[in-house]
A.B. asks: 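Please see the structure below; I have some questions.
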Amino acid sequence: MVDKSTRANRGRRSFWTWGWESDEPTQAQRVEAANSLAKSYGCEVTAPPIPSIDSFELRAPRVKIPEKLSAIVTSDKTERVIHTYGGHFLELNRALRGDFSDPPDAIAYPETEQQLEAVLDWCDSKKYAAIPYGGGTTVVEGVSVPASYDGAVTIDMERLNKVLEVDEVSRAARIQAGIFGPDLERELKASGHTLRHFPQSFPWSTLGGWIVTRSGGHYATNHTHIDDFVESTRMLTPKGWLESRRLPGSGAGPSPDRLVMGSEGTLGIVTEAWMRIQKRPIYRATAGVIFSSWEQAYTATRHIVQAKLWPANLRLLDPSEAQRAAGLDGKKALLIIGFESADVPQGEFIKMAVEIARDHGGLISDRDIATSDSSDDATGRAGAVGNWRSSFIGVNAGITNGLGLIADTFETATTWDNWPEFDAKVRDRVGRVLKEVLGDAHSLSCRFTHIYPDGPAPYYTFAGMGAAGGEVEQWQAIKNAANEVLVEAGGTITHHHSVGRMHAKGWSKQQPDLFETVLRSAKKTLDPNAILNPGVLFDPR
Ligand SMILES: Cc1cc2nc3c(=O)[nH]c(=O)nc-3n(C[C@H](O)[C@H](O)[C@H](O)COP(=O)(O)OP(=O)(O)OC[C@H]3O[C@@H](n4cnc5c(N)ncnc54)[C@H](O)[C@@H]3O)c2cc1C
């Protein structure tokens, strides 16, 4: 197994799967996946070989790099290829097909804030689109190159990657935006701390990306959105620096950090932030509770979250998801409950949560509740909970990329009073389109990734074999149905995958019109030439 704990060991970014070349599956694994799909769907599936970057045609760079920036800006072909796309499956699919019709013209790697200022000044003076780039794991076309600009420069933040200060008294750290999840955790671990923010894309994504997309970690309740951990931010805009004051809380008018969080690279480039950190957990408790119906399971989940026990994990899998990801029989739902703390044993809390689950039909024996009081934790690694954990962590887009599978997710949140009618509407509308475009052999499943006292955040996954050559149209028809029904039925267009270009229409529908007008005014003030990530959130021109 490749040791990816240091930057040097990870190698180059992959152009066709998430993460690095060391994350790429082998051709033998892809052939095995093709055979398994052929068996499941009763059709022929082959795994085409992975092309080499040398075989791709790219248009000539449209920008001339100034001499003074030549040490940190490049138009190297490989660099342009690996920065053309984010992490959506269709983007990775296009990359595999060698479709690089809109690559960035140059990639900048600033190592200091002064260098970043020089790069942004250059883009602004030439009116080139400037695209901030963290880990490139966006699944909403957040780093794509807009067609209507005469030049585009991707600004890769990966060299601004240090934990600069740890304030042990206030439990906060000043951290640069380009740091990847594992590096950040390794550096904080040295002083016994953690940010405790683990999106599924944690190995390949960055602090800056998390902050501007308002990412959701995989803890299900309490502090889980990155917003909760942001103490202050520092962001470079074409009009200058915007830096907020470090405060544990403040009622002084609208919060500047709230403008930065969710701005998705359209208002400025975040270079660093003070983040609230925590002691690393020692006490843990985990249980997997089985329910014979979806209704019993989500009712129990609501009662647990409303009891304000604040489990770290409260992840609910519907029967179809529990079968696929945890190996259950396809009829039963699975509720994974997890507690953890740096200071307090968690055994009593999990017993209370399990009692509530049992009151609503949950099945689990006492011996299946695992507790641990060691930092070397192994709870939750066995049985259905362990199966789910492995499938969650082992996710790899490259295995099925290019095999004809249309598989994607969409996620949202809605209030409990709107549930389960909301779920029924989504399954009906999206299910009909799935049947139309993929036939009967498709799947649509749901899990709750995050759960609030006033409502769940449902996360839907669909899959089926597409018609060769028609994947884009087929996916678009399904995605349109999902986007429309989520907003019409009273949910949000996205709970944690952000807006990007893919959700811009739904986001606009969901916002009060005046709010969008205010945001456009902010954009005009901070970025008058509309160079920053044009097309994300809205079209600034
Ligand atoms: C397999 C997989 C699992 C995922 N799981 C989760 C999950 O559990 N939770 C979740 O919230 N999301 C998830 N995502 C989505 C994605 O990982 C998040 O949106 C993440 O926050 C993006 O971080 P990044 O560093 O990769 O940013 P990028 O993808 O590089 O960029 C995302 C957006 O932020 C902008 N940006 C990046 N850095 C900066 C900066 N320093 N300043 C200003 N703008 C910047 C970019 O221009 C772009 O618009 C997942 C994606 C994948 C592929």
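Counting convention: from 1, in listed order, for ligands and their atoms alike.
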A.B. asks: Quick one: look up the protein heavy atom nearest atom 53 (C) of ligand 1 and list residue, atom name and how far away it is.
C.D. replies: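 Ranked first by proximity to atom 53 (C) of ligand 1 is W18 NE1, 3.2 Å.
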A.B. asks: Atoms of ligand 1 less than 4.0 Å from T206 heavy atoms?
C.D. replies: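 Numbered from 1, ligand 1 contributes 24 (P), 25 (O).
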A.B. asks: Taking the six-membered ring for Trp, are Y459 and H496 parallel (under 30°), tilted (30 to 60°) or perpendicular (over 60°)?
C.D. replies: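 Y459 and H496: parallel rings.
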A.B. asks: So does F180 get a backbone contact from the side chain of N161, meaning a donor-acceptor N/O pair under 3.5 Å?
C.D. replies: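 Checking the backbone N and O of F180 against the side chain of N161, no donor-acceptor pair under 3.5 Å is found.
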A.B. asks: Could you tell me whether K509 and E516 have a side-chain N and a carboxylate O separated by less than 4.0 Å?
C.D. replies: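 Looking at K509 and E516, the cut-off is not met.
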A.B. asks: Please report the C-alpha distance between R196 and E340 in whole Å, then the side-chain angles of each, then the deciding distance to 0.1 Å, and finally whether the salt bridge (Lys or Arg N to Asp or Glu O under 4.0 Å) criterion is met.
C.D. replies: CA-CA 11 Å; R196 200 175 172 271; E340 58 175 50; 2.8 Å; yes
A.B. asks: For ligand 1, find out whether one of its N or O atoms is nearer than 3.5 Å to an N or O atom of G135.
C.D. replies: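 Min N/O separation from ligand 1 is below 3.5 Å for G135.
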A.B. asks: With atoms numbered from 1 as shown, which atoms in ligand 1 lie under 4.0 angstrom from a non-hydrogen atom of E264?
C.D. replies: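 The list of qualifying atoms is 49 (O).
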A.B. asks: Tell me whether E231 contacts the main-chain N or O of A172 through its side chain, where contact means a donor paired with an acceptor under 3.5 Å.
C.D. replies: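 Between the backbone of A172 and the side chain of E231 there is no qualifying donor-acceptor contact (under 3.5 Å).
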A.B. asks: Which residue supplies the protein heavy atom nearest to atom 43 (C) of ligand 1, what is that atom called, and how far is it?
C.D. replies: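 Going by distance alone, atom 43 (C) of ligand 1 is nearest to G268 O, 3.4 Å.
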A.B. asks: Considering heavy atoms of the protein only, find what lies nearest to atom 31 (O) of ligand 1 and give residue, atom and distance to 0.1 Å.
C.D. replies: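 The closest one turns out to be V143 CG1, 3.9 Å.
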A.B. asks: Which residue and atom name correspond to the protein heavy atom nearest atom 51 (C) of ligand 1, and how close is it?
C.D. replies: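 Answer, as residue, atom name and distance: T137 O, 3.3 Å.
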A.B. asks: Give yes if a backbone or side-chain nitrogen or oxygen of N533 is under 3.5 Å from a nitrogen or oxygen of ligand 1, and no if not.
C.D. replies: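 In this structure, N533 places an N or O atom under 3.5 Å from an N or O of ligand 1.
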A.B. asks: Give the atoms of ligand 1, by number and element, whose distance to some non-hydrogen atom of T138 is under 4.0 Å.
C.D. replies: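 By the 4.0 Å cutoff, the relevant atoms are 29 (O).
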A.B. asks: If we ignore hydrogens and angles and just use 3.5 Å, is the side chain of T494 paired with the main-chain N or O of S498 as donor and acceptor?
C.D. replies: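 Flag set: sc T494 to bb S498 pair under 3.5 Å.
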A.B. asks: With atom 45 (C) of ligand 1 as the reference point, say which of T233, T409, V212 has the nearest heavy atom.
C.D. replies: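 Checking each option, the heavy atom nearest atom 45 (C) of ligand 1 is found in V212.
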A.B. asks: For atom 37 (C) of ligand 1, which protein heavy atom lies nearest, and how many Å away is it?
C.D. replies: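 Of the protein heavy atoms, G134 N, 3.6 Å lies nearest.
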A.B. asks: Flag G136 as yes when one of its N or O atoms lies below 3.5 Å from any N or O atom of ligand 1, and as no otherwise.
C.D. replies: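 For ligand 1, there is an N or O atom that lies under 3.5 Å from one belonging to G136.
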A.B. asks: Tell me if the CZ atom of R245 is crowded by more than 12 foreign heavy atoms within 6.0 Å.
C.D. replies: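 Not buried by this count: 12 neighbours or fewer within 6.0 Å.
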A.B. asks: Relative to atom 9 (N) of ligand 1, which among P132, S201, G216 owns the nearest non-hydrogen atom?
C.D. replies: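 Heavy atom nearest to atom 9 (N) of ligand 1 belongs to G216.
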A.B. asks: Counting from 1, what ligand 1 atoms have a heavy atom of P199 closer than 4.0 Å?
C.D. replies: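 With P199 as reference, the close atoms of ligand 1 come out as 7 (C), 8 (O), 9 (N).
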A.B. asks: Verify the neighbour count for atom NZ of K479: are there more than 12 heavy atoms of other residues, nucleotides or ligands below 6.0 Å?
C.D. replies: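 Yes, because the 6.0 Å sphere around NZ of K479 holds more than 12 heavy atoms from other groups.
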A.B. asks: Between the main-chain N or O of P104 and the side-chain N or O of R80, is there a donor-acceptor pair closer than 3.5 Å?
C.D. replies: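 Checked: pair present.
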A.B. asks: So for ligand 1, is Q200 a polar contact partner (N or O within less than 3.5 Å, distance only)?
C.D. replies: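 Yes, at least one N or O pair falls under 3.5 Å.
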A.B. asks: Need the ligand 1 atom indices (1-based, order shown) with element for anything under 4.0 Å from a heavy-atom of G265.
C.D. replies: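 In order of number, 43 (C), 44 (N).
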A.B. asks: Indicate the ring-plane relationship of H450 and H495, choosing parallel, tilted or perpendicular according to the 30° and 60° boundaries.
C.D. replies: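 Plane angle between 30° and 60°, so tilted.
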A.B. asks: Fit a plane to each ring of F100 and F56, take the angle between them on a 0 to 90° scale, and name the class: parallel (under 30°), tilted (30 to 60°) or perpendicular (over 60°).
C.D. replies: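 F100 and F56: tilted rings.
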A.B. asks: May I ask you to say whether R501 pairs ionically with E141, meaning some side-chain N is under 4.0 Å from a carboxylate O?
C.D. replies: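 No, no charged N to carboxylate O under 4.0 Å.
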A.B. asks: If you measure from each non-hydrogen atom of V139 to ligand 1, which part falls under 4.0 Å: side chain, backbone, both or neither?
C.D. replies: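 Under 4.0 Å from ligand 1, V139 contributes side-chain atoms alone.
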A.B. asks: Relative to the heavy atoms of A177, which atoms of ligand 1 are at a distance of less than 4.0 Å?
C.D. replies: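 Atoms satisfying the 4.0 Å criterion: 41 (N).
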A.B. asks: Using a 3.5 Å cut-off on N or O atoms only, is G142 in polar contact with ligand 1?
C.D. replies: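 Yes; at least one N/O pair falls below 3.5 Å.
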A.B. asks: Could you tell me whether S205 approaches ligand 1 through its side chain, its backbone, both or neither, with non-hydrogen atoms closer than 4.0 Å?
C.D. replies: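 Both backbone and side chain.
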A.B. asks: Could you check whether any side-chain N or O of E272 sits under 3.5 Å from a backbone N or O of Q176, counting only pairs where one atom can act as donor and the other as acceptor?
C.D. replies: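 No; judged by distance alone, with no hydrogens or angles, the pair does not exist.
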A.B. asks: Among all protein heavy atoms, pick the one closest to atom 32 (C) of ligand 1 and tell me residue, atom and distance.
C.D. replies: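 Of every protein heavy atom, T213 CG2, 3.8 Å lies nearest to atom 32 (C) of ligand 1.
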A.B. asks: Any idea which atoms of ligand 1 are less than 4.0 Å away from a heavy-atom of I269?
C.D. replies: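 Atoms satisfying the 4.0 Å criterion: 42 (N), 43 (C).
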A.B. asks: Would you say H496 and ligand 1 have an N/O pair spaced under 3.5 Å apart?
C.D. replies: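 Yes - when backbone and side-chain N and O of H496 are compared with those of ligand 1, one distance drops under 3.5 Å.
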A.B. asks: What protein heavy atom sits nearest atom 42 (N) of ligand 1, and how far away is it?
C.D. replies: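 I find the closest protein heavy atom is V270 N, 2.9 Å.
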A.B. asks: Do other residues, nucleotides or ligands put more than 12 heavy atoms under 6.0 Å from K77 NZ?
C.D. replies: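 Yes, enclosed.
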